[in-house]
Colleague: 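Would you mind keeping the following structure in view while I ask a few things?
Each ligand, and each atom within it, is numbered from 1 in the order the structure gives. The structure displayed is predicted, hence computed values, not measured ones. Only heavy atoms go into these numbers, but all of them, side chains included; no hydrogens, no water, no symmetry mates. Numbers for residues simply follow the sequence, beginning at 1.
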Amino acid sequence: MMRDLILRNRSYRRFYQEVDIKLETLKELVELARLSASAANMQPLKYILSCHPEKNSLIFPHLAWARYLTDWSGPCEGERPSAYIIILGDTEVSRSFGCDHGIAAQSILLGAIEKGLGGCMIASIQKEGLRKVLEIPPQYEILLVLALGKPKETVVIETVGPRGDIKYWRDSKGVHHVPKRVLDDIIIG
Ligand SMILES: Cc1cc2nc3c(=O)[nH]c(=O)nc-3n(C[C@H](O)[C@H](O)[C@H](O)COP(=O)(O)O)c2cc1C
């Protein structure tokens, strides 16, 4: 079960934009993050949810997509995310957020996969622009944006070759290939 979920939990960047995601669904996903581990149990993370086209269109221009796909500037209209969860760090709760947001993001994305959805963690964010359009108070640090939707692309895992190239790539049929290092290369002792 877990291996299957993790295998299916790829970074998806093209979606059936017309498939709506309900606010209730986003809340169920944040509930998974709420129940996840947090350093010193400080729970400093806060969330902004977006599942309406107008709000989504405010968020999208502030995100950078798939830097290794140099001839692709991100999903076109019709293939954009149906929803976003923005993960914020509340500096009034804690001054540092450790890896809490990574754990929260993984919980949310695994939950999304279980629901037949998928998404992508985005850390390349024009943070000040996003802060301005969403009127995010300075108290909150913008940590990650999770793009969510019903995936419209196939992503396959392959093994990093002898040249060690870890760059993902897209083939002529639009299939996205993600090289992963083999187990023997990552267990060093
Ligand atoms: C912390 C973090 C930040 C990421 N930021 C971006 C990003 O800004 N833009 C993007 O397109 N993908 C982003 N990704 C997705 C990675 O590119 C993706 O995880 C990687 O290519 C491996 O693919 P996989 O998730 O399908 O295993 C990010 C992933 C992580 C874990």
Side-chain angles (χ1 to χ4, degrees), residues 2-15 17 29 32-33 36-39 44-45 47-48 50 56 58-77 79-89 96-131 133-134 141-161 163-171 173-183 185-186:
M2 186 50 73
R3 182 180 162 81
D4 176 59
L5 265 187
I6 288 175
L7 276 173
R8 283 158 49 208
N9 182 30
R10 304 275 50 88
S11 293
Y12 297 103
R13 300 181 178 87
R14 288 176 291 173
F15 304 93
Q17 190 174 335
L29 294 175
L32 300 178
S36 298
S38 169
L45 303 182
Y47 301 86
I48 291 175
S50 174
N56 289 349
L58 293 177
I59 298 168
F60 179 80
H62 301 284
L63 309 177
W65 298 82
R67 63 192 291 240
Y68 295 146
L69 304 184
T70 49
D71 58 350
W72 187 69
S73 56
C76 60
E77 188 61 45
E79 296 187 339
R80 291 182 181 165
S82 308
Y84 297 93
I85 295 176
I86 302 174
I87 306 182
L88 307 169
S96 64
F97 309 106
C99 53
D100 278 24
H101 43 300
I103 293 167
Q106 182 77 346
S107 295
I108 289 170
L109 289 175
L110 286 171
I113 289 294
E114 194 182 49
K115 290 176 183 294
L117 302 170
C120 187
M121 295 184 208
I122 308 246
S124 295
I125 308 162
Q126 292 169 25
K127 292 186 179 172
E128 282 322 303
L130 186 62
R131 183 182 296 284
V133 292
L134 295 183
E141 194 176 313
I142 299 171
L143 299 172
L144 273 177
V145 175
L146 305 183
L148 294 161
K150 186 173 167 50
K152 197 186 181 179
E153 65 180 348
T154 303
V155 180
V156 294
I157 286 179
E158 55 196 37
T159 297
V160 169
R163 289 163 64 196
D165 192 356
I166 47 67
K167 288 190 180 124
Y168 48 77
W169 56 284
R170 200 178 278 170
D171 68 24
K173 291 188 173 136
V175 174
H176 185 92
H177 297 253
V178 183
K180 295 285 185 190
R181 299 187 202 282
V182 297
L183 202 56
D185 284 349
I186 61 172

Colleague: Can you list the residues that meet the salt bridge (Lys or Arg N to Asp or Glu O under 4.0 Å) rule with Arg14, with sequence neighbours excluded?
Modeller: Glu153
Colleague: Pick one: which of Leu143, Leu88, Leu144 meets side chain to side chain contact (heavy atoms under 4.5 Å, CB included) with Leu45?
Modeller: Leu143
Colleague: Assess whether atom CZ of Arg181 is packed by more than 12 heavy atoms of other residues, nucleotides or ligands within 6.0 Å.
Modeller: no
Colleague: Less than 4.5 Å apart, side chain to side chain, heavy atoms only: is that true for Ile122 and Trp65?
Modeller: yes
Colleague: Less than 4.5 Å apart, any side-chain heavy atom of Thr154 and any of Lys173?
Modeller: no
Colleague: Sort out the contact shell of ligand 1: every protein residue with a heavy-atom distance below 4.0 Å, listed by chain and number.
Modeller: Arg10, Ser11, Arg13, Ala64, Trp65, Ala66, Cys120, Met121, Ile122, Ala123, Ser124, Tyr168, Val178, Lys180
Colleague: Would you call the rings of His177 and Trp169 parallel, tilted or perpendicular, taking 30° and 60° as the class edges?
Modeller: parallel
